[in-house]
Amino acid sequence: VDVAEPTDNEIVSAVRKGEREAFNTLVARYHPRMVAAAYQMIGDYEMARDLAQESFVEAYRCLRKLRDGALVAPWLFGILRRRCGRYVTRRRPTEAALDERDLDPQPAPGDALERRERERAVQAALMGLAPQYREALVARYHFDLGYAEMARMLGTTPDNVRVLCFRAKQALRAAIERREGSRS
Amino acid sequence: MSCTSGRAEFWAELVSAYHDGELSADQAAEVERHLADCQTCAEWLEHLRSDQAEMVAAGTAPGRPGRSRCWRSCLRPR
């Protein structure tokens, strides 16, 4: 039997009706991308997990403020973004911190090692970008936010977001190429 | 090698919006026609796609520890 997954709107409605367990579904759906997004905005995986968790707690407590349940993704990202922003203003991420915290306890074999190295290089390149570029890339790539949604969040126009995303992608590509060049 | 149109920045930005799925059908068709003729812009699009895939993978790398604490524990009265 093909049982359709509940929509975000249906989940939010259920939580509002007092079905607290429904919030678990929302957490399961968004937890991986919340942690990934936070990690790629701040560069500290353990802190990213904490910030994602705190964001879910805030979301649960403030769910009444969400006017349209279908817009839960940008709303969650907005909460996470504010928490990451506050964290970053207290402590700027550094590449050294990233390298120390990201070392795997067990080295991966063969292709997995190469893939992991590549992922580390991309993450390091990302952490070298301006915060607004990292934020734009995370909003696009992890939350699939459109230009109009991002514009509302940032208090700007979709045209400006289009330019921001373009510049962010250019900056990431340049950073990756610089790292590739320095290794060859 | 550079964009065949001579307007590299214009097309690079348009290809970026195309990659984001933010163009109208007419604009997207125009970009696709350009991509068929311009290797530089086609390579830019390939880079955008691979950078996106690698960035997402880097954020959600397999083998990372999962959720260690239940969010519900944070909701208990303090």
Side-chain angles (χ1 to χ4, degrees), chain A residues 20-21 23-24 27-28 31-33 35-41 45-46 48-50 52-57 59-61 102 104 106 108 112 115-116 118-126 137-138 140-142 144-148 158 161-163 165-170 172-173 176-177, chain B residues 1-3 5 7-28 30-31 34-35 39-78:
Chain A
R20 188 160 147 164
E21 288 302 309
F23 198 73
N24 286 341
V27 173
H31 185 266
R33 78 185 84 173
V35 175
Y39 173 51
Q40 297 200 308
M41 285 192 283
Y45 193 73
E46 290 306 313
R49 291 170 65 195
D50 287 348
Q53 186 134 336
E54 289 168 18
S55 298
F56 279 120
V57 172
Y60 184 80
R61 289 185 171 141
D102 244 19
D104 290 324
Q106 299 289 328
R115 193 183 64 235
R116 182 56 57 87
R118 180 76 188 160
E119 288 167 356
R120 283 170 55 82
V122 171
Q123 178 69 11
L126 192 60
L137 292 169
V138 163
R140 277 294 314 140
Y141 292 166
H142 286 295
D144 199 27
L145 299 192
Y147 292 171
V161 171
R162 170 172 154 156
V163 174
C165 288
F166 171 53
R167 298 285 177 222
K169 292 174 193 179
Q170 277 186 318
L172 179 62
R173 178 98 294 269
I176 290 171
E177 285 177 357
Chain B
M1 190 186 299
S2 61
C3 177
S5 72
R7 294 187 297 163
E9 191 80 354
F10 168 82
W11 279 105
E13 187 183 327
L14 210 55
V15 170
S16 168
Y18 173 79
H19 171 243
D20 287 333
E22 291 277 352
L23 297 183
S24 68
D26 285 349
Q27 287 174 317
E30 188 183 0
V31 167
H34 178 71
L35 290 170
Q39 192 181 341
T40 302
C41 287
E43 285 175 2
W44 168 236
L45 180 60
E46 280 308 301
H47 280 311
L48 293 180
R49 287 173 172 159
S50 62
D51 290 349
Q52 175 176 5
E54 287 181 345
M55 182 181 141
V56 171
T60 54
R64 292 202 182 284
R67 186 158 39 121
S68 62
R69 285 179 288 149
C70 176
W71 67 272
R72 281 173 294 187
S73 65
C74 301
L75 298 178
R76 288 181 189 135
R78 284 172 286 187

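None of these values were measured; they are calculated from a predicted model. Computed from heavy atoms alone, side chains included, the values below leave out hydrogens, waters and symmetry copies. First the proteins, then the strands, lettered A, B, ... as listed; each starts at 1.
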Do B:Glu43 and B:Gln39 pair up side chain to side chain, a donor and an acceptor below 3.5 Å, judged on atom types alone? yes
Of the listed residues (B:Gly21, B:Ala12, B:Ala53, B:Ser50), which shares the most heavy-atom pairs with chain A below a 4.5 Å separation? B:Ala12
Ignoring hydrogens, what is the shortest heavy-atom contact between B:Cys3 and B:Cys41? Give both atom names and the distance. SG-SG, 3.8 Å
Interchain contact, A:Glu54 with chain B, by part (heavy-atom threshold 4.5 Å): neither
Quick check on A:Arg33 against chain B: is it the side chain, the backbone, both or neither that has a heavy atom closer than 4.5 Å? neither
If you count heavy-atom pairs under 4.5 Å between each of B:His19, B:Glu22, B:Glu54 and chain A, which one has the most? B:Glu22
Classify the side-chain pair A:Asp50/A:Gln53 by whether it contains a donor and acceptor separated by less than 3.5 Å. no
Is any NZ, NE, NH1 or NH2 atom of the basic residue among A:Arg173 and B:Asp51 found under 4.0 Å from an Asp or Glu carboxylate oxygen of the other? yes
